[in-house]
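The structure appears right after this line, and notes come after that.
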Amino acid sequence: MTVVTRFAPSPTGFLHIGGARTALFNWLYARHHGGEFTLRIEDTDLKRSTDEAIAAIFHGLEWLGLDWDREPVFQSRNADRHRAVAEQLLAEGKAYRCYCAPEELAEMRENARTSGGSTRIYDGRWRDRDPADAPAGIDPAIRIKMPLTGDTTIADMVQGEVTRTNDTLDDFIILRSDGTPTYMLAVVVDDHDMGVTHTIRGDDHLNNAFRQHHLFAACSWETPKFAHIPLIHGADGTKLSKRHGALGVEAYAEMGILPAAMRNYLLRLGWSHGDDEIIATEQAIEWFDLDSVGRSPARFDMDRLLNLNAHYLKNGDPAALTADVMARAGGATGKSLSPDAEARLVAGVPGLAQRANTLVELSEISSLYLYDAPLEMNEKAQAALADPEARARLSALADALENLKLWDEAELDRLVREFAETHDLKLGQVAQPLRAALTGSNVSPGIFEVMAVLGQVETLARLAHATA
RNA sequence: GUCCCCAUCGUCUAGAGGCCUAGGACACCACCCUUUCAAGGUGGCGACACGGGUUCGAAUCCCGUUGGGGACGCCA
């Protein structure tokens, strides 16, 4: 049997971290088994669903690198089918019309809460009542008949066997009085119609699984395998929400998080493979399974994400990183980029990347390669160049540099050290002013590397400006 | 309130009865390396929620307590 998983978000907001992880797990499980990863947009609540949210979900998944195998299903378009199933169940006597008014329901809810707080709200008053009793002028909703006695056990691939006594489950509505299907019905019918074999979702749905299981049974369909993964919590241990600054994945993209880092981070939240921490996606596909998913909720930890991001930045492809920095640099400032900016970045980005945690930081520190002399100097750099003696030294060094034939890092290293030695200076006494002159800052990659990347012409130009 | 789930360093986790004086990673601290900042290296700090069982032996199994979370809509 081919594995078919699904990611089924309701398009009422952006693709948040929790949804992203659910999608990742579904995707990984499908890829691991050579199955299909499908998408279903649960837009049956037309009032809350928006096109922007739908677009945000698609874009978020694309950014994460999670590709889907079929045309996405829009649940709202299947309403006729859902309704037909409800009618069928009604005809078979597995469901019934309920004529309760909203006030009656409210009363029952109040009752249940005050008298013991039972989870079972609806008392089943129309379950066996003669339809002839139906009050005039009330459109009935359709409810499914749930078992009255015994208990139900779900064999969950993550949670294990979970049992609930049936008297805690009431007859829930599958078709509203206005003829629209409820979520519970829509999910079951669509999962069946799409051939979903594994339902991997947040464990806030665990309670729904019991209801859905009986709906599958009523339809004489096989219940898919369930895997309810724990939710992601905020730093305070409660369900991640906007209050925690929970953001959509696009916000992480903007702050310069790499998709590979996000995937790795999300994967390790609740899933593990021994002591392995850095797990490339190909490796994750090979290793991923549901047995190794933990059952306790994990807290979102930005430090960890940043650390992983720094790792992927350090090992990133220079050409790709360069393209990203160029894109972020474009239009950022009024200054025009050096014609050599891109070439310098390709050479300089590896040295820069090990000093950055995000693409934003990377592009900030890239500015030393982006523009030609004269440079903007920060305070520390200005201070380093304030000393006339230091400037005189730089001028002397510039003369030596001008005559250098082979302009590479090793040669520059040799030359500058030699220069320091002849003038009886510590390397730092030469290197720091040099750094200030060449980068406009007191912080940068190794100064010989900077000179090599900049090239002889630009290096001398910057020195000329700094010593003028 | 009722039902369901969970419980190892601050955080993510390893651990499936003896390999555990509990391992790794992030964060933090110190030192080393060093032309700055990082990176890297070395070391340090730091946890089996509690109480009962079961067993020769329990972080691992069972029960209870406590704590946390989730669900209780004609929302999804």
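Only this structure's heavy atoms are used, side chains among them; waters, hydrogens and symmetry mates stay out. Letters A, B, ... are given to chains in the order of the sequence lines, protein chains preceding strands, and every chain is numbered from 1.
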- Query: Does A/R304 make a side-chain donor-acceptor contact with the base of B/rU11, cut-off 3.5 Å?
  - Reply: no
- Task: Would you classify A/T238 as touching base, sugar-phosphate or nothing, given that sugar-phosphate means primed atoms plus P, OP1 and OP2, and contacts are heavy atoms under 4.0 Å?
- Result: sugar-phosphate
- Query: Whole Å only: how far is the CZ atom of A/R299 from the P atom of B/rC26?
  - Reply: 20 Å
- Query: Cation-pi between A/R21 and A/F25: NZ/CZ under 6.0 Å from ring centre and within 45° of the ring axis?
  - Reply: yes
- Message: Nearest heavy atom decides the nucleotide; on that basis, is A/D204 or A/D301 closer to the 5' end of RNA chain B?
- Response: A/D301
- Classify the ring geometry between A/H273 and A/W287 as parallel (under 30°), tilted (30 to 60°) or perpendicular (over 60°). parallel
- Query: Which of these nucleotides, B/rU35, B/rC3, B/rA25, is closest to any side-chain atom of A/E277?
  - Reply: B/rA25
- Of the nucleotides B/rC6, B/rA38, B/rG1, which has the atom closest to the A/P297 side chain? B/rC6
- Check every atom of B/rC74, B/rA38, B/rC6 against the side chain of A/S177 and return the nucleotide holding the closest atom. B/rC74
- With the side chain of A/L206 defined as its heavy atoms from C-beta on, choose the nearest nucleotide among B/rC5, B/rC74, B/rA76. B/rC5
- Item | Separation of the C1' atoms in B/rU42 and B/rU34, to the nearest angstrom | 16 Å
- Which is true for A/R48 with a 4.0 Å heavy-atom rule: it touches a base, it touches only sugar-phosphate, or it touches nothing? base
- Message: One thing to verify: whether A/E87 and A/R83 come together as a salt bridge, which I'm taking to mean a side-chain N less than 4.0 angstrom from a carboxylate O.
- Response: no
- Indicate, with a heavy-atom threshold strictly under 4.0 Å, whether A/F448 touches base, sugar-phosphate, or nothing. base
- Message: Do the side chains of A/D191 and A/R40 get close enough for a salt bridge, i.e. N-O under 4.0 angstrom?
- Response: yes
- Item | Nearest-neighbour nucleotide for the A/N207 side chain, B/rU13, B/rC4, B/rU2 considered | B/rC4
- In terms of side-chain heavy atoms of A/K239, which of B/rA39, B/rU13, B/rG69 is nearest? B/rG69
- Check every atom of B/rA39, B/rA76, B/rC37 against the side chain of A/Q354 and return the nucleotide holding the closest atom. B/rA39
- Item | P-based separation of B/rA39 from B/rC28 [nearest Å] | 9 Å
- Message: With a 4.0 Å cut-off on N to O distance, would you call A/D178 and A/R176 a salt bridge?
- Response: no
- Would you say the side chain of A/R164 and the base of B/rC3 hold a donor-acceptor pair, judged only by whether the two atoms sit under 3.5 Å apart? no
- Task: Taking only the side-chain heavy atoms of A/S296 (C-beta and beyond), determine which of B/rU36, B/rA7, B/rC74 contains the nearest atom.
- Result: B/rA7
- Query: Quick one: which of A/R127, A/R211, A/R120 gives a side-chain hydrogen bond (donor to acceptor under 3.5 Å, both in side chains) with A/D171?
  - Reply: A/R127
- Query: Which part of the nucleic acid does A/G270 contact within heavy-atom distance under 4.0 Å: base, sugar-phosphate only, or nothing?
  - Reply: sugar-phosphate
- Message: Checking contacts here: which listed nucleotide (B/rU35, B/rC26, B/rA14) is nearest the side-chain heavy atoms of A/D275?
- Response: B/rA14
- Task: May I ask you to say what A/D178 touches in the nucleic acid, namely base, sugar-phosphate or nothing, with a heavy-atom cut-off under 4.0 Å?
- Result: nothing
- Pick base, sugar-phosphate or nothing for A/L105, based on heavy-atom distances below 4.0 Å to the nucleic acid. base
- Query: Base, sugar-phosphate, or nothing: which does A/N442 touch, judged by heavy atoms less than 4.0 Å apart?
  - Reply: base
- Message: Counting the atoms with a prime plus P, OP1 and OP2 as sugar-phosphate, which does A/P9 contact under 4.0 Å by heavy atoms, base, sugar-phosphate, or nothing?
- Response: nothing
- Task: Would you kindly give the CD1-to-C1' distance between A/I279 and B/rC12, to the nearest whole Å?
- Result: 12 Å
- Query: For A/H228, which contact category applies under a 4.0 Å heavy-atom criterion: base, sugar-phosphate, or nothing?
  - Reply: nothing
- Determine the Euclidean distance between corresponding P atoms of B/rA16 and B/rC33; express it in Å to zero decimal places. 41 Å
- Task: Mind checking A/K314 for me? I need base, sugar-phosphate or nothing, with any heavy atom below 4.0 Å counting as a touch.
- Result: sugar-phosphate
- Task: Look at all strands and tell whether A/C100 reaches a base, only sugar-phosphate, or nothing, counting heavy atoms closer than 4.0 Å.
- Result: base
- For B/rU66 and B/rG23, measure between their C1' atoms and round to the nearest Å. 29 Å
- Message: Suppose we call a contact any N or O donor and acceptor under 3.5 Å apart; does that hold for the side chain of A/S118 and the base of B/rU2?
- Response: no
- Between B/rA49 and B/rA7 - P atom distance, rounded Å: 9 Å
- Item | Between B/rC3 (P) and A/R211 (CZ): distance, integer Å | 14 Å
- Task: Would you mind reading off the distance between A/L306 atom CG and B/rC26 atom P, rounded to a whole angstrom?
- Result: 13 Å
- Can you check the A/N307 CG to B/rG40 C1' distance for me, whole Å? 13 Å
- Do the charged groups of A/E42 and A/R6 touch, with an N to O distance under 4.0 Å? no
- From B/rC4, B/rA76, B/rG70, nucleotide with atom closest to A/L231 side chain: B/rG70
- Item | Nucleotide B/rC37, atom C1' - distance to CD of A/E361 in whole Å | 12 Å
- Query: Taking the same atom, P, in B/rU2 and in B/rG18, what whole-Å distance lies between them?
  - Reply: 39 Å
- Task: Could you tell me whether A/E110 and A/R113 make a salt bridge, using a distance below 4.0 angstrom between a side-chain N and a carboxylate O?
- Result: no
- Message: Without decimals, in angstroms, what is the distance between A/Q159 CD and B/rC3 P?
- Response: 18 Å
- Determine the contact category for A/S10: base if any of its heavy atoms lies under 4.0 Å from a base atom, sugar-phosphate if only primed atoms, P, OP1 or OP2 are that close, otherwise nothing. sugar-phosphate
- Task: Measure the distance from CE on A/M302 to P on B/rG10 and round it to the nearest whole Å.
- Result: 23 Å
- Message: What I want to check is whether an N or O donor and acceptor connect the side chain of A/R295 with the base of B/rC6 at under 3.5 Å.
- Response: no
